[in-house]
Amino acid sequence: MKTTKILYMLWVNDMDRAVAFYRDVFELNVHTQSPTWSELTLGDSTVALHQGTNDSFRMTGLSFEVDDIEEACREIEAAGGSIVHPPRDGGIPGLLLAEVADIDGNRIQLGSHGN
């Protein structure tokens, strides 16, 4: 498995408003913007904004993009972590998502556009 990107993901109600906030207040660069997913960067750091609804759970957290999500899950389990939700369709063609936990139970999202 190869890690290809690290993201810190936030759920937002209004994508345009959220992008403007992080762009203007923190001077982040808009790398990509769509109604459901946007990425803002500063150096090698990425803040990802995911469209949610008013009643959606506001989990923020660490997300890793990997080249092989199945292999990543195997490596996590072999290292003492656990799979909370195995890889599943991410709602975008080719996107797979999984939720895993590290050895202390901290939950991490994995995403892959490959396998």
Side-chain angles (χ1 to χ4, degrees):
M1 174 220 22
K2 178 181 177 185
T3 301
T4 58
K5 185 186 280 188
I6 298 173
L7 305 165
Y8 195 83
M9 187 174 69
L10 303 171
W11 290 86
V12 302
N13 291 322
D14 181 318
M15 186 63 70
D16 291 334
R17 183 183 69 183
V19 167
F21 176 84
Y22 285 96
R23 180 194 64 221
D24 298 345
V25 173
F26 296 104
E27 300 179 349
L28 300 182
N29 300 304
V30 179
H31 180 275
T32 185
Q33 183 174 353
S34 79
T36 58
W37 182 263
S38 298
E39 293 181 13
L40 295 94
T41 61
L42 181 64
D44 291 336
S45 301
T46 301
V47 173
L49 304 177
H50 191 299
Q51 177 68 43
T53 62
N54 285 332
D55 58 352
S56 64
F57 178 61
R58 293 288 184 231
M59 181 187 93
T60 64
L62 186 59
S63 177
F64 289 96
E65 185 175 301
V66 297
D67 65 341
D68 185 333
I69 200 165
E70 298 289 344
E71 177 64 21
C73 288
R74 287 190 293 272
E75 289 184 27
I76 287 163
E77 285 185 309
S82 61
I83 309 305
V84 178
H85 296 290
R88 63 196 179 282
D89 180 12
I92 298 171
L95 176 64
L96 293 174
L97 297 174
E99 186 177 349
V100 300
D102 69 11
I103 57 175
D104 292 307
N106 296 301
R107 291 186 177 194
I108 302 165
Q109 180 174 312
L110 299 179
S112 177
H113 292 281
N115 302 332

message: Let me confirm one number: the OG-CD1 distance from S63 to I6, rounded to the nearest 0.5 Å.
response: 10.0 Å
message: Under the side-chain contact (heavy atoms from CB on, under 4.5 Å) test against C73, which residue among L110, D68, V66 passes?
response: L110
task: Determine, stepwise, if the pair V19 / L49 fulfils side-chain contact (heavy atoms from CB on, under 4.5 Å).
output: CA-CA 8 Å; V19 167; L49 304 177; 3.9 Å; yes
query: Taking everything shown except D24 itself, do over 12 heavy atoms lie less than 6.0 Å from its CG?
result: yes
- request: May I ask you to decide if F64's main-chain N or O and Q109's side chain share a donor-acceptor pair within less than 3.5 Å?
  value: no
- request: Check whether the side chains of D14 and Q51 place a donor and an acceptor atom closer than 3.5 Å, and report yes or no.
  value: no
message: Tell me if a side-chain donor or acceptor on D102 pairs with a main-chain N or O of G81 at a distance below 3.5 Å.
response: no
task: Please confirm whether the backbone N or O of G91 pairs with a side-chain atom of D89, one donor and one acceptor, at under 3.5 Å?
output: yes
- prompt: With the 4.5 Å side-chain cut-off for hydrophobic clustering, are V84 and I69 part of the same group?
  reply: no
- request: Go through the steps to decide whether V30 and Y22 satisfy the test side-chain contact (heavy atoms from CB on, under 4.5 Å), and finish with yes or no.
  value: CA-CA 9 Å; V30 179; Y22 285 96; over 6 Å; no
- request: Take K5 and E39 through the salt bridge (charged side-chain N to carboxylate O under 4.0 Å, His left out) test and state the conclusion after the steps.
  value: CA-CA 12 Å; K5 185 186 280 188; E39 293 181 13; 2.7 Å; yes
query: Are Q33 and D16 close enough that some pair of their side-chain heavy atoms sits under 4.5 Å apart?
result: yes
field: Ring geometry between H50 and W11 (parallel below 30°, tilted from 30 to 60°, perpendicular above 60°)
entry: tilted
- prompt: How many angstroms lie between CG in L7 and CG in L62, if you round to the nearest 0.5 Å?
  reply: 8.5 Å
- request: Determine whether L97 and I83 fall in the same hydrophobic cluster, where Ile, Leu, Val, Met, Phe, Trp and Tyr are linked whenever their side-chain heavy atoms lie under 4.5 Å apart.
  value: no
- request: Mind running side-chain contact (heavy atoms from CB on, under 4.5 Å) on T36 and M15 for me, showing each step along the way?
  value: CA-CA 7 Å; T36 58; M15 186 63 70; 5.7 Å; no
query: Tell me, do L40 and T46 make a side-chain contact under 4.5 Å, heavy atoms counted?
result: no
query: Would you call S82 and E77 a side-chain contact if the rule is heavy atoms closer than 4.5 Å?
result: no
message: Test of understanding: clusters of I, L, V, M, F, W, Y form through side-chain heavy atoms closer than 4.5 Å, transitively. Do L10 and F26 belong to the same one?
response: yes
message: Please tell me whether L42 and V25 are part of a single hydrophobic cluster in this structure, the criterion being side-chain heavy atoms less than 4.5 Å apart.
response: yes
task: Using the rule that two of Ile, Leu, Val, Met, Phe, Trp, Tyr join whenever any of their side-chain heavy atoms come within less than 4.5 Å, decide whether M1 and I108 are in one cluster.
output: yes
message: For a 4.5 angstrom cut-off between non-hydrogen side-chain atoms, does V47 reach L28?
response: yes
